Amino acid sequence: MIGERYLNLLVLAALMAVPLWALAADEPFTITLATRAVILALAAVGLNIALGMGGLVSLGHAVFFGLGGYAMGILASHAQSYTPLELFGLTIEGTKSMPVIWLTAIIISALAAWGIGLLSLRTSGVYFIMITLAFGQMFYYFAISWSAYGGEDGLSIYVRNGFPGLNTLVPIEYFGLCFAVLCLALLLNARLQGSPFGLALNAARQVPARVETVGLDPMRLKLLAFVLSGAITGLAGALFADLNRFVSPTMFSWQLSGELIVLIVIGGVGRLMGPVIGACLFVTLEHWLGGITEFWHVFLGAILLLIVLFARGGIVGLLTGKEGPHV
Amino acid sequence: MSNPILATHGLCKSFGALKATEDVSIDLRHGEIHAIIGPNGAGKSTLIQQISGALRPDAGTIELLGHDVTRLTTQARARAGLGRTFQVSALAMEDTVLENVLLGALGASGRPWRFWRSVHADKTQKETALAALERVGLADAKDQRTADLSHGQRRQLEVAVALTLTPRAFLMDEPMAGLGASGSKQMTGFLDGLRDEAPILLVEHDMDAVFALADRISVLVYGRIIATGSVDDIRNDAAVRAAYLGEDA
């Protein structure tokens, strides 16, 4: 058994050490893998706010991941073709600047989460899962048919976007940038859990009737959680698109929404480092087992099964000996 | 006599052919405990839910402090001064005892939209929360997980959360439910003193408690109030004896 605080620091230290080792050993691909894990972790940290704290099982979080990706793809493609983007009579210049792209991704995902949340939160349980799934599919098929931005083939961006003071094309520098963003998101998440909003949201998940009788609206609490959650996952989408320098409709796919849930469940629902541990494990399995057999998901399924049956608190729960929140 | 703190006028609620509430008019006056008793299935829960805001009546109005609250949501009624406790404890079981009362203090402040600062940072809210725990005798258990509390302690915490709201009227749904003899006696003693802070509309099965506490009693049978009066009036009311107290009175 290990204190959760130490476990958290240990995980972050390990996640930082691997790419540093890879840099010394001249294994740039490992750095890319670590970056991929960090970005998936960020997406799941976002989902964990809705899922772990709010109890909202969203099977449509790929919407925000995809919106973040397309925000990057569209802005950068206009910048690389030197044609401004015409939208509702407005002329918007494309950009290759990450801070601008990130802000756009966050705002668009937050707006989408607000709209989707407003409609979806009228339902609960399995209907909530289905309606978020339906939104996911709508965005997915829209992206496939949107030929102006590559349709099914997706969009390639030739040069990674820039961040002031960094050469983002150097793998370790881009890793550092993504890692810093992840740490910020984790800090926000940690503060959130101990904040008045976190307390009210946690109660809204457990006993909505109680929250109403103390004069608070559980719906509004959950809606805001969903918006925050979507915004963070959207930012992760923009980073993911920049990692691959490629955006495609698969970023909107429901498999991705499912994978985000799976890796949170494996790591630990509602636990600060649950998504991070889950994402690292996921990427490691995907790479190693994926190299041995294309049916590597079987092993992932087996791990998920064991966790669900014997360790409801996920890996964090297993290591700290403390069960997490029930969703 | 001053205006009632809480009143219902001609409240009706049907579920299909079942008339769960039929023309119910009751009031709760300053400084009193008004008990509502009735056999199982008399419509006590339906009535409580309409007053608290969980169910909308088919007809009739509900007034709180002279304002019509019939169309207000549960949370708006809470903010207007209605403090409700639940028959089955509705507490955040994963959270600590203190966090449950802090939620009440937070709701009373109306400011849950703080994302960065700690929930323990607001001294006023924390004092309100601790004071409520102190009053029900749970101060020593403040750091325990609510799920680890005994049933009796949960009943106390249920009342403590309502106290943090400093309500103008209490609506208590069987606060003695499941308490043993000594627990019930303790709760009775506590509620006895509470009526001076805010009047209590008390739905309760425990007849000893009701007879010990109530200033007035209303008897609900098949959705109708068949009698309202003092403890002695009710004890001696022939219709009540026939309909309800029956063999054990």
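So you know, we letter chains A, B, ... as the sequences are listed, proteins then strands, and number each from 1. Quantities reported herein were computed from a predicted structural model and do not represent experimental measurements.
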If you count heavy atoms of other groups shown closer than 6.0 angstrom to CG of B:Asp140, is the number above 12?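 No, because the 6.0 Å sphere around CG of B:Asp140 holds 12 heavy atoms or fewer from other groups.
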Looking only at heavy atoms and a cut-off of under 4.5 Å, which of A:Gly215, A:Pro196, A:Gly194 has the most pairs with chain B?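 Option with the top pair count is A:Pro196.
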Relative to chain A, which of B:Gly104, B:Pro167, B:Gly110, B:Gly107 shows the most heavy atom pairs under 4.5 Å?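 Result: the option with the highest number of such pairs is B:Gly107.
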B:Ala121, B:Pro112, B:Ala162: which one forms the most heavy-atom pairs within less than 4.5 Å of chain A?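 Option with the top pair count is B:Pro112.
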Can you say whether B:Leu171 sits under 4.5 Å from chain A via the side chain, the backbone, both, or neither, judging by heavy atoms?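 It is neither, since no heavy atom gets under 4.5 Å.
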Report which part of B:Leu103 has an atom under 4.5 Å of a heavy atom belonging to chain A: side chain, backbone, both, or neither.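 For B:Leu103, the contact with chain A is made by backbone and side chain together.
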Interchain donor-acceptor contacts below 3.5 Å (chain B, chain A):
{"residue": "B:Arg79", "atom": "NH1", "partner": "A:Gly215", "partner atom": "O", "Å": "2.6"}
{"residue": "B:Ala90", "atom": "O", "partner": "A:Arg210", "partner atom": "NE", "Å": "2.8"}
{"residue": "B:Ala90", "atom": "O", "partner": "A:Arg210", "partner atom": "NH2", "Å": "3.4"}
{"residue": "B:Met93", "atom": "N", "partner": "A:Gln206", "partner atom": "OE1", "Å": "3.1"}
{"residue": "B:Glu94", "atom": "N", "partner": "A:Gln206", "partner atom": "OE1", "Å": "3.0"}
{"residue": "B:Glu94", "atom": "OE1", "partner": "A:Arg205", "partner atom": "NH1", "Å": "3.3"}
{"residue": "B:Glu94", "atom": "OE1", "partner": "A:Arg205", "partner atom": "NH2", "Å": "3.2"}
{"residue": "B:Glu94", "atom": "OE2", "partner": "A:His326", "partner atom": "N", "Å": "2.7"}
{"residue": "B:Asp95", "atom": "OD1", "partner": "A:Gln206", "partner atom": "NE2", "Å": "3.4"}
{"residue": "B:Pro112", "atom": "O", "partner": "A:Phe197", "partner atom": "N", "Å": "3.3"}
{"residue": "B:Arg114", "atom": "O", "partner": "A:Ser195", "partner atom": "OG", "Å": "3.2"}
{"residue": "B:Arg114", "atom": "O", "partner": "A:Phe197", "partner atom": "N", "Å": "3.2"}
{"residue": "B:Trp116", "atom": "O", "partner": "A:Arg191", "partner atom": "NE", "Å": "2.7"}
{"residue": "B:Trp116", "atom": "O", "partner": "A:Arg191", "partner atom": "NH2", "Å": "2.7"}
{"residue": "B:Val119", "atom": "N", "partner": "A:Gly194", "partner atom": "O", "Å": "2.8"}
{"residue": "B:Glu158", "atom": "OE1", "partner": "A:Arg210", "partner atom": "NH2", "Å": "3.1"}
{"residue": "B:Glu158", "atom": "OE2", "partner": "A:Arg210", "partner atom": "NH2", "Å": "2.6"}

Can you sort out the partners of A:Phe179 under ring pair (Phe, Tyr, Trp, His ring centres under 6.0 Å), two or more places apart, ordered by chain and number?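 Only A:Phe175 meet the ring pair (Phe, Tyr, Trp, His ring centres under 6.0 Å) criterion with A:Phe179.
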Side chain to side chain, B:Leu106 and A:Val214, heavy atoms closer than 4.5 Å: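 No, every pair of side-chain atoms sits at 4.5 Å or beyond.
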Do any of residues 57-65 of chain B come closer than 4.5 Å to chain A, heavy atom to heavy atom, and if so which ones, in number order?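 So no residue qualifies.
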Is it the backbone or the side chain of A:Leu188 that comes under 4.5 Å from a heavy atom of chain B, or both, or neither?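 Answer is both: backbone and side chain atoms of A:Leu188 are under 4.5 Å from chain B.
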With sequence neighbours excluded, tell me which residues meet side chain to side chain contact (heavy atoms under 4.5 Å, CB included) with B:Ala78.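 B:Ala78: no side chain to side chain contact (heavy atoms under 4.5 Å, CB included) contacts found.
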